[in-house]
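Notes to accompany the following structure.
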Protein chains: 2
Amino acid sequence: MKATIYDIAREAGVSIATVSQVINGKGKISEKRRAEIMEIMERLHYQPSAIAAALTGKQTYTLGLLVPDISNPYFAELARAVEDRSRQLGYSVVICSTDNKDERVERYLNLLQQKRVDGMMIGTGIDNAEILSPLLQQSMPVALIARHMPALSVHTVTIDDRLGGSLAAQHLLELGHTRLAVLSEPSKVSSSQERVRGFREALNKAGHLLEPIQIRESAADLASAKQEALRLLGEQNYPTGLFCCNDIQAIGALQAAKELGLRVPHDVSIIGFDDTILASVTNPPLTTVAQPIEDLGRHAVDLLIDELKDGLQDEQTAAQKIVLKPELVVRDSAGQAPAVQGK
Amino acid sequence: MKATIYDIAREAGVSIATVSQVINGKGKISEKRRAEIMEIMERLHYQPSAIAAALTGKQTYTLGLLVPDISNPYFAELARAVEDRSRQLGYSVVICSTDNKDERVERYLNLLQQKRVDGMMIGTGIDNAEILSPLLQQSMPVALIARHMPALSVHTVTIDDRLGGSLAAQHLLELGHTRLAVLSEPSKVSSSQERVRGFREALNKAGHLLEPIQIRESAADLASAKQEALRLLGEQNYPTGLFCCNDIQAIGALQAAKELGLRVPHDVSIIGFDDTILASVTNPPLTTVAQPIEDLGRHAVDLLIDELKDGLQDEQTAAQKIVLKPELVVRDSAGQAPAVQGK
DNA sequence: TTGAAAGCGCTACCAC
DNA sequence: GTGGTAGCGCTTTCAA
């Protein structure tokens with residue numbers, strides 16, 4: 001079977017305590033012994049059991065990451081950022097796709113608790129904020145990523161979604177668009193709501209609310225977005241400026257436009273959100289509001305790990321709120337509004 | 001602190017053995033006691049420690065998945081498939097991005113062993129097959145995904161890469177292309193080599209090897225692929241038919257062609273591989289060889305878990321080899337060869 | 001510098 | 001049906 005600390009100790013003719021010391025580089029062991037023991041561990045392919053160590057009070061050095069769907073490029077890129085930072089700091093991460101279902105979220109939360117992860121990052125939409133409170137009560141470090149949850153006192157790293165929405169609005173306005181619409185995610189996704197809000201606010205502020213804005217919702221997948229966009233752009237007075245709450249929806253809109261024979265950006269301008277790899281490969285390349293995905297992931301990990309360290313001295317670390325700035329990335333999917341809006 | 005089995009036992013006035021039984025639904029406990037204990041566990045938000053359980057011989061119900069880069073849509077989609085199947089079967093998965101570096105692979109392998117995962121899936125390229133043998137010796141269940149490793153006796157689930165390559169070749173041939181090239185991944189990625197091989201074999205078999213085929217290598221990222229494609233398509237007698245070993249490289253080629261003023265597919269035809277979400281959002285949409293990604297992931301998980309079950313009776317399960325079939329998905333990036341090849 | 005021993009939380013076997 | 005108890009592999013005092 002697998003070698004244990006006992007095997008090493010026996011082989012080296014020392015006690016397991018000594019072996020433990022050299023494993024952890026603690027205590028005072030003579031250089032000779034240390035080298036000897038190291039050699040034996042190597043020879044026996046000994047891998048200390050992190051599980052047993054965790055049982056004695058050490059951390060598991062494992063973090064949980066909940067996202068709606070790891071196959072969605074945005075979350076895949078986020079996961080990569082989280083993983084990279086975690087690895088640098090000596091942690092691994094368990095990734096969980098929830099499909100934005102509370103029931104799945106809850107099951108994963110319990111599972112991760114049972115596995116005694118050291119902290120959890122939540123990048124998934126949650127209807128009922130209450131399902132997080134048990135975690136907080138047990139002082140499990142939690143960080144929300146790109147999610148707003150005002151009711152809870154929990155670490156949060158977000159982008160300024162309203163700013164993002166307003167960036168999109170300004171751009172469309174500058175291009176002369178007056179007939180605007182928004183394709184948003186279901187209302188449980190709070191960040192989308194904020195983006196829509198920022199979009200409207202910018203319009204209002206500019207006094208440009210010439211015509212009522214259409215706001216449509218669709219699920220996160222391409223097909224749903226395309227379908228909704230097909231409906232929207234298929235209408236008599238279709239909008240010439242369309243802001244989508246993420247790149248996938250924008251691509252759905254792009255495809256819908258194409259299918260309807262509408263040229264982008266000649267007939268309709270489309271702006272996405274996120275700036276995932278997808279935005280750079282579409283035709284035309286997508287003008288989109290870029291999230292600093294890497295920073296989001298890094299900060300989330302850092303918040304967790306800082307808390308793990310501090311937690312030892314300081315009982316209750318205050319919930320930190322980090323807000324990062326999105327940026328408009330201009331590519332080719334948004335252009336001048338058509339001179340005469342196909343009336 | 002966190003409630004333990006002792007807290008529950010004390011609260012219920014029973015022994016921990018009894019509580020353990022109800023947790024695991026084993027043994028004979030009176031319905032009344034069982035309900036009572038359940039109620040208490042609920043009330044105290046008790047989550048049994050999977051770590052402690054694992055230490056007593058139970059599994060950890062955690063699997064490891066090594067891929068080059070989780071932010072690459074192909075691996076993200078694969079990870080989703082793996083995760084879904086794992087969840088169905090009661091396992092969670094730790095995802096590790098290796099960037100195809102052996103050193104990273106080795107560190108992750110050790111880490112996962114220390115965490116006592118129940119099995120590992122390897123979807124990453126490995127130069128030195130030897131770094132897997134310690135795992136096999138310790139009878140750690142391992143499954144290779146979409147990787148060939150003939151030297152090792154280990155479960156493998158792959159697609160028929162040669163068939164995939166030949167599918168691409170046939171298509172290009174049928175479209176009348178004679179000046180062909182391949183953009184492949186570094187040679188350590190065995191699946192790419194097989195694709196190239198299938199491509200050449202199909203050409204040879206068709207007796208169509210009119211002009212020597214250019215074979216170029218590039219790293220897996222978009223930028224490198226684009227750069228290499230720029231060189232390739234910028235040459236005097238650039239190929240009119242280009243087969244790329246994955247979708248990202250194909251997109252790099254698409255972008256290179258655009259930059260060079262070459263129209264796709266009018267001037268140059270491009271075929272990708274994988275059929276990730278990327279293939280459907282490019283312009284023109286990418287003709288590509290589709291992998292059954294979901295099946296790959298599912299089979300890999302099943303192989304591991306079957307071995308975990310069998311392992312209890314049967315000492316040495318034979319290494320299974322599952323080979324799935326790729327399919328050509330025709331979209332718009334490959335068309336008739338130009339009548340006169342720009343000489 | 002090193003070792004003995006008391007846990008960590010849980011499972012499983014054996015008594016009662 | 002239920003409880004006592006010996007580990008699982010490791011960390012960590014406390015002595016020596």
Side-chain angles (χ1 to χ4, degrees), chain A residues 1-38 40-41 44-62 110-118 138 312, chain B residues 1-38 40-41 44-62 110-118 138 312:
Chain A
M1 260 314 291
K2 234 174 163 355
T4 74
I5 199 173
Y6 288 98
D7 300 320
I8 306 299
R10 189 176 335 105
E11 190 77 8
V14 300
S15 76
I16 60 166
T18 304
V19 177
S20 177
Q21 314 249 68
V22 351
I23 291 174
N24 298 289
K26 288 186 178 173
K28 272 104 191 36
I29 308 289
S30 67
E31 209 28 74
K32 182 158 165 290
R33 270 220 191 303
R34 158 167 268 110
E36 223 172 271
I37 293 177
M38 299 271 262
I40 294 177
M41 297 197 295
L44 270 48
H45 296 295
Y46 170 65
Q47 300 282 5
S49 164
I51 270 182
L55 197 53
T56 71
K58 282 182 109 174
Q59 297 181 25
T60 55
Y61 292 98
T62 304
N110 289 338
L111 205 70
L112 292 174
Q113 275 194 277
Q114 298 183 181
K115 299 207 169 163
R116 297 295 186 266
V117 298
D118 298 325
Q138 295 174 44
L312 304 178
Chain B
M1 262 315 290
K2 234 175 163 355
T4 74
I5 198 172
Y6 288 98
D7 300 319
I8 307 300
R10 188 177 338 104
E11 190 78 9
V14 300
S15 77
I16 61 166
T18 304
V19 177
S20 177
Q21 314 247 68
V22 351
I23 292 173
N24 297 288
K26 288 187 178 173
K28 271 107 193 32
I29 307 290
S30 68
E31 209 30 73
K32 181 159 164 289
R33 271 219 188 308
R34 156 166 269 109
E36 223 173 271
I37 293 177
M38 298 271 262
I40 293 175
M41 295 197 298
L44 269 49
H45 295 298
Y46 171 66
Q47 299 282 5
S49 164
I51 270 182
L55 197 54
T56 71
K58 282 182 110 175
Q59 298 181 24
T60 55
Y61 293 96
T62 304
N110 289 337
L111 205 70
L112 292 172
Q113 273 193 279
Q114 297 183 184
K115 298 207 171 164
R116 297 294 187 267
V117 299
D118 298 326
Q138 295 173 45
L312 305 178

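Note: hydrogens, waters and symmetry copies are ignored here, and every other heavy atom, side chains too, is used.
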- Message: Please evaluate residues Ile5(B) and Tyr46(B) with respect to the criterion side chain to side chain contact (heavy atoms under 4.5 Å, CB included), reporting the C-alpha separation (whole Å), side-chain torsions for both, the decisive distance (0.1 Å), and the verdict.
- Response: CA-CA 8 Å; Ile5(B) 198 172; Tyr46(B) 171 66; 3.8 Å; yes

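- Between Lys26(B) and dA12(C) there is a side-chain N or O to OP1 or OP2 distance below 4.0 Å.
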- Evaluation steps, side chain to side chain contact (heavy atoms under 4.5 Å, CB included), between Lys115(B) and Thr60(B): CA-CA 8 Å; Lys115(B) 298 207 171 164; Thr60(B) 55; over 6 Å; no

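- Regarding Arg116(A), its CZ atom lies at a distance of 11 Å from the C1' atom of dC10(C), rounded to whole Å.
- Note: CZ (Arg10(B)) to P (dC10(C)) measures 12 Å, nearest angstrom.
- Distance check, rounded to the nearest 0.5 Å: CD1 of Ile23(B) to CD of Gln21(B) gives 10.0 Å.
- Projected onto DNA chain C by closest heavy-atom contact, Ala17(B) and Leu55(B) fall at different nucleotides, the more 5' of which corresponds to Leu55(B).
- In this structure, Arg10(A) and Asp7(A) approach most closely via the heavy-atom pair NH2-OD1, 3.2 Å.
- Residue contacts shown for Ile51(B) are absent, as no nucleic acid heavy atom lies under 4.0 Å away.
- The side chain of Ser49(B) contributes no N or O atom lying less than 4.0 Å from OP1 or OP2 of dC10(C).
- Where the helix from dT1(C)-dA16(D) to dC16(C)-dG1(D) starts and where it ends, the local axes point in directions that differ by 40°; five pairs per end, rounded to 10°.
- Within 4.0 Å (heavy atoms only), Ser20(A) reaches at least one base atom of the nucleic acid.
- Residue Ala53(B) is in sugar-phosphate contact alone, with no base atom involved, counting any heavy-atom pair closer than 4.0 Å across all strands shown.
- Taking NZ of Lys58(B) as the reference point, atom CG of Asn24(B) lies at 3.5 Å (rounded to 0.5 Å).
- With rounding to the nearest 0.5 angstrom, the CG atom of Asp118(A) is 11.5 Å from the CG atom of Leu112(A).
- Bounding nucleotides for the chain A contact on DNA chain D, 5' to 3', at a heavy-atom distance below 4.0 Å, are dG9(D) to dT12(D).
- If you take CE on Met38(B) and CD1 on Ile8(B), they are separated by 12.0 Å, rounding to the nearest 0.5 Å.
- Taking atom CD1 of Ile5(B) as the reference point, atom C1' of dT11(C) lies 8 Å away to the nearest angstrom.
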- Item | side chain to side chain contact (heavy atoms under 4.5 Å, CB included) evaluation trace for Val22(A) with Met41(A) | CA-CA 10 Å; Val22(A) 351; Met41(A) 297 197 295; 3.9 Å; yes

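- One can place CG of Asn24(B) at 10 Å from C1' of dA12(C), the figure rounded to the nearest angstrom.
- Here the straight-line distance linking atom CZ of Arg116(B) with atom CD of Gln47(A) works out to 7.5 Å at 0.5 Å rounding.
- For the atom pair His45(B) NE2 and Asn110(A) CG, the distance stands at 10.5 Å (nearest 0.5 Å).
- For DNA chain C, none of the residues of residues 28-37 of chain B falls under the heavy-atom distance limit of 4.0 Å.
- For dC10(C), the OP1/OP2 oxygens have no side-chain nitrogen or oxygen of Thr56(B) closer than 4.0 Å.
- Contact annotation for Val19(A): no contact, since no heavy-atom pair falls under 4.0 Å across all strands.
- Counting all heavy atoms, side chain and backbone alike, Ile51(A) lies closest to Ala54(B) at CD1-CB, 3.6 Å.
- If you measure from atom CD of Gln21(A) to atom P of dT1(C), you get 11 Å, rounded to the nearest angstrom.
- What you find for Ala9(B) and Ser15(B) is that their closest heavy atoms are CB-C, 3.8 Å.
- Straight-line distance from the CD1 atom of Ile23(B) to the C1' atom of dA12(C): 14 Å, rounded to whole Å.
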